[in-house]
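A short write-up of the structure that comes next.
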There are 2 protein chains.
Amino acid sequence: MPTGSQRGHDLNQSPIRGLVPYARLAREKGKDIYHLNIGQPDIPTPESALEKVRNESDKIIKYGPSEGLPALRSRVRDYYDKYQAELDTEDVLVTTGASEAILFALFATCNAGDEIIIPEPFYANYIGFAQVCSISIIPVTTLLEEEFALPEPATFQKHITPRTKAIFLCNPGNPTGQLYDKKQLEQLAEIVLQNDLFLIVDEVYREFCYNKKFTSVLSIESLSQQVIVIDSISKLFSSCGARIGFLITKHHAIRQAVIKYAQLRLCPPYFGQILALACYEDSEAYISAARAEYMKRRAVLYQGLQRIDGIQSYKPDAAFYNIAELPVPDTMEFCKWMLTDFSLDNKTIMLAPASGFYSNQTLGKKQVRIAYVLNQEELQDALHILHQGLLAYPHSTLKL
Amino acid sequence: MPTGSQRGHDLNQSPIRGLVPYARLAREKGKDIYHLNIGQPDIPTPESALEKVRNESDKIIKYGPSEGLPALRSRVRDYYDKYQAELDTEDVLVTTGASEAILFALFATCNAGDEIIIPEPFYANYIGFAQVCSISIIPVTTLLEEEFALPEPATFQKHITPRTKAIFLCNPGNPTGQLYDKKQLEQLAEIVLQNDLFLIVDEVYREFCYNKKFTSVLSIESLSQQVIVIDSISKLFSSCGARIGFLITKHHAIRQAVIKYAQLRLCPPYFGQILALACYEDSEAYISAARAEYMKRRAVLYQGLQRIDGIQSYKPDAAFYNIAELPVPDTMEFCKWMLTDFSLDNKTIMLAPASGFYSNQTLGKKQVRIAYVLNQEELQDALHILHQGLLAYPHSTLKL
């Protein structure tokens with residue numbers, strides 16, 4: 001029997017996946033689980049967009065253009081006006097989710113062996129994307145004590161080598177929920193310019209900023225030929241399963257390469273594009289309502305965490321994530337224990353151990369990522385369960 | 001300004017793409033074009049399946065399982081019963097089109113620098129997939145004079161090196177329209193077994209066989225741990241835009257690796273899966289009707305080509321493609337000329353020069369691929385235009 005490839009065997013799997021069997025066992029035992037571990041919003045997809053899909057009357061679901069439907073590209077271009085981005089329709093390419101946009105961006109900017117610099121903690125799948133492209137992630141560690149602030153430009157400069165092709169940010173940040181502001185981005189822009197790098201920014205949580213103002217790197221004029229933005233309707237319009245993302249760049253050669261990668265997979269999904277097209281139509285009221293709801297949940301989460309002794313956290317600026325340090329030696333063990341050994345009124349919670357968001361998994365060992373994708377009442381209840389769980393956990397330093 | 005990656009620059013683009021601007025110009029001049037150049041069927045998608053999508057009532061379009069919806073995997077498993085494939089549901093993984101299934105299969109079986117052997121002419125995008133995976137395609141040339149018959153096992157054996165990981169077939173063949181039968185596959189199986197290789201077979205045209213019986217490699221028991229089958233609803237159910245394909249294998253480690261690649265991109269498109277699930281329900285009548293229609297078109301095409309002096313062709317077994325050698329020195333030039341310089345009653349045709357289907361593009365220089373995806377009347381008309389075009393073309397050896 002032939003063996004599979006070494007690279008397939010070695011491909012990173014988010015360590016959070018390791019908890020899935022325990023969650024299944026817990027469910028089989030009849031426990032209810034509050035899922036604070038994944039970024040699957042519970043907010044309904046825009047009803048008017050779902051209605052458009054229902055009214056779709058095409059008789060043949062044909063291949064579309066590899067770059068995406070022209071109407072969708074044009075509408076997304078218009079959407080960016082509010083972020084002072086001077087875009088042409090051709091700058092917007094439709095991808096099969098942000099995941100594909102990230103892969104295309106890495107393939108189009110980096111050769112095998114090249115390096116990209118990413119502040120950590122970062123979205124766990126970036127590791128796998130880098131492996132698929134045979135490039136190295138050079139992490140710049142940010143700290144909970146500093147509320148995961150963007151490091152000084154000099155810190156980035158220190159990590160730049162002849163193989164560095166790009167600085168990659170997630171702004172607002174998953175898993176941190178923090179926002180890099182205009183001043184920080186402009187400082188970083190100088191490093192990017194001086195070193196002739198690309199700046200790739202995953203901005204999928206852009207619309208969920210609660211106090212501070214969001215700045216898109218697309219608005220930084222000096223970087224117009226160096227910026228690649230990753231976007232998606234998954235979180236914005238609660239349409240994760242539609243698999244529609246975007247890659248936006250004014251860099252001609254990058255766009256040409258991305259189009260060739262896009263041609264290889266023929267086209268993005270048709271129904272998802274129909275949904276997306278409708279989502280961006282009159283989207284402001286929907287987005288505002290979603291933002292207001294997440295903002296209330298953020299307050300519930302922040303206050304709830306503050307009330308538990310021994311938890312270290314902060315008030316996140318944006319997205320719907322928060323990292324918290326728990327009074328336990330190893331959150332992977334604690335999260336597992338919450339599924340296997342703990343329940344309150346037959347309910348428990350599932351959290352994401354933060355080690356998976358660091359390139360060096362010994363970092364963040366005491367941290368978890370909490371996604372506030374539950375309604376306020378459920379979130380309150382989940383926090384109560386967390387508190388009681390921490391009190392009952394044998395290895396917790398939190399005692400009654 | 002930073003430059004893009006060399007690999008992005010070098011990524012192969014199907015040479016057929018070079019004709020697209022000329023087709024646009026022709027349309028702008030008001031010419032109607034019969035598209036015999038692409039595999040986009042004109043047969044309607046199953047209406048009952050479209051209706052299922054229209055009746056979809058989910059309020060949130062959520063992430064689904066990375067492996068695909070369990071109901072779809074199970075239904076596809078059942079579909080394979082008719083091909084004597086002993087499958088479990090877990091052997092079927094849903095992908096975003098056959099394109100993704102091919103990429104996953106290559107990543108999971110081959111390391112960078114490995115080799116796969118493919119009979120040529122082959123589907124042009126295989127070159128790009130191999131580039132993305134940094135592997136080499138070792139072509140085994142098949143000949144129009146031999147109706148593109150599968151080469152003898154000894155010919156494959158000759159091309160096997162220590163880096164060979166797989167033999168890759170498209171059966172029925174795109175672009176040839178030819179079928180490898182049970183006996184040929186069993187002979188090849190011996191080589192695959194002896195050399196401990198994978199056999200990856202793209203069977204997306206399986207249901208369109210017109211006289212000979214189709215054999216799926218999934219039915220060859222001795223190969224059960226070495227076979228990976230690529231499948232898709234694109235052609236089968238005329239649903240190219242839905243982006244739903246399948247990777248089927250009983251090899252545990254390959255499946256585990258493929259699942260990790262699948263987790264990176266989170267999940268296949270939701271609406272496409274809903275459509276696919278409905279397509280496979282009571283599919284026999286739909287498939288039979290489509291097959292009957294293509295069979296009639298095949299007759300029209302075959303008879304039409306026979307009637308034109310100087311064209312060399314054959315009666316294809318399967319799929320909806322045919323390769324023909326034209327009495328011209330270079331079909332790329334001829335196909336371009338048909339768009340730029342020729343029309344009959346303000347109509348012309350677009351064909352796919354076959355050079356793009358060979359690894360060495362000097363091969364097949366006089367050949368074209370003709371896709372019979374038009375109704376019989378249009379196909380008749382298109383053949384008439386081809387005939388008149390050949391008579392008028394200055395470099396044609398066909399004279400009145």
Side-chain angles (χ1 to χ4, degrees), chain A residues 1-9 11 13-14 17 40 42 44-45 53-54 56 59-64 96-97 99-100 107-112 125 128-129 132 134 165 196-198 225-226 238-243 251 253-254 257 260-261 263-272 275, chain B residues 1-9 11 13-14 17 40 42 44-45 53-54 56 59-64 96-97 99-100 107-112 125 128-129 132 134 165 196-198 225-226 238-243 251 253-254 257 260-261 263-272 275:
Chain A
M1 182 167 79
T3 55
S5 66
Q6 193 62 39
R7 61 180 169 188
H9 178 268
L11 184 66
Q13 193 173 34
S14 169
R17 296 267 173 188
Q40 169 58 62
D42 64 334
T45 308
V53 175
R54 286 185 211 116
E56 177 54 36
K59 294 292 177 202
I60 311 180
I61 306 304
K62 289 187 184 180
Y63 289 125
T96 307
S99 309
E100 188 180 73
F107 269 115
T109 54
C110 299
N111 288 314
N125 277 350
F129 294 138
V132 167
S134 307
K165 278 296 161 61
D196 207 25
L197 303 178
F198 288 101
Q225 288 300 315
Q226 295 175 239
S238 204
S239 302
C240 300
R243 311 313 301 131
H251 190 294
I254 293 296
K260 288 193 288 176
Y261 285 104
Q263 286 170 350
L264 266 188
R265 56 68 163 140
L266 305 170
C267 65
Y270 178 72
F271 292 111
L275 184 85
Chain B
M1 181 167 78
T3 54
S5 66
Q6 194 62 41
R7 61 181 169 188
H9 179 268
L11 184 66
Q13 193 172 33
S14 168
R17 297 264 174 191
Q40 169 59 61
D42 65 334
T45 309
V53 174
R54 284 185 212 118
E56 176 54 36
K59 295 291 175 201
I60 311 180
I61 306 304
K62 291 188 184 178
Y63 288 125
T96 308
S99 309
E100 188 180 72
F107 269 116
T109 53
C110 300
N111 288 314
N125 277 351
F129 295 138
V132 167
S134 306
K165 279 296 162 60
D196 207 25
L197 303 177
F198 287 101
Q225 289 299 314
Q226 295 177 235
S238 205
S239 302
C240 300
R243 309 315 299 131
H251 190 294
I254 293 297
K260 288 193 289 176
Y261 286 104
Q263 287 170 351
L264 265 188
R265 56 67 163 140
L266 305 170
C267 64
Y270 178 72
F271 293 110
L275 184 85

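When reading the values below, keep in mind they use all heavy atoms of this one structure, side chains included, and skip hydrogens, waters and symmetry mates. Within every chain, numbering begins at 1; the chains are lettered A, B, ... in the order of the sequence lines, protein sequences first and strands thereafter.
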Side-chain donor or acceptor of B/Ser5 paired with backbone N/O of A/Ala108 under 3.5 Å: yes

Side chain A/Asn111, main chain B/Arg7, donor-acceptor under 3.5 Å: yes

For B/Val132 against A/Phe107, the heavy-atom pair lying closest together: CG1-CZ, 3.7 Å

As an exercise: rank [options] by heavy-atom pairs under 4.5 Å with chain B and give me the winner.
options                                : value
A/Gln13, A/Gln225, A/His9              : A/Gln13
A/Ser134, A/Ser238, A/Gly272, A/Ala253 : A/Ser238
A/Thr109, A/Leu264, A/Leu266, A/Thr45  : A/Leu264
A/Lys165, A/His251, A/Gln40            : A/Gln40

Criterion side-chain contact (heavy atoms from CB on, under 4.5 Å) on A/Arg243 and B/Tyr63, from CA distance to verdict: CA-CA 9 Å; A/Arg243 311 313 301 131; B/Tyr63 288 125; 3.9 Å; yes

Most contacts with chain A, counted as non-hydrogen pairs under 4.5 angstrom, among [options]:
options                                : value
B/Glu56, B/Glu100, B/Lys59, B/Lys260   : B/Lys260
B/Ala112, B/Pro269, B/Cys240           : B/Cys240
B/Cys267, B/Gly128, B/Gly241, B/Ala242 : B/Gly241
B/Lys62, B/Gln226, B/Arg265            : B/Lys62

Listed partners of A/Phe271 passing ring-ring contact (aromatic ring centres under 6.0 Å, His included), at least two apart: none

Region of A/Leu11 in contact with chain B, defined by heavy-atom distances below 4.5 Å: both

Residue A/Ser14 versus chain B: region with a heavy atom under 4.5 Å: neither

Any side-chain heavy-atom pair of B/Asp196 and A/Pro2 under 4.5 Å: yes

Listed partners of A/Arg17 passing salt bridge (charged side-chain N to carboxylate O under 4.0 Å, His left out), at least two apart: none

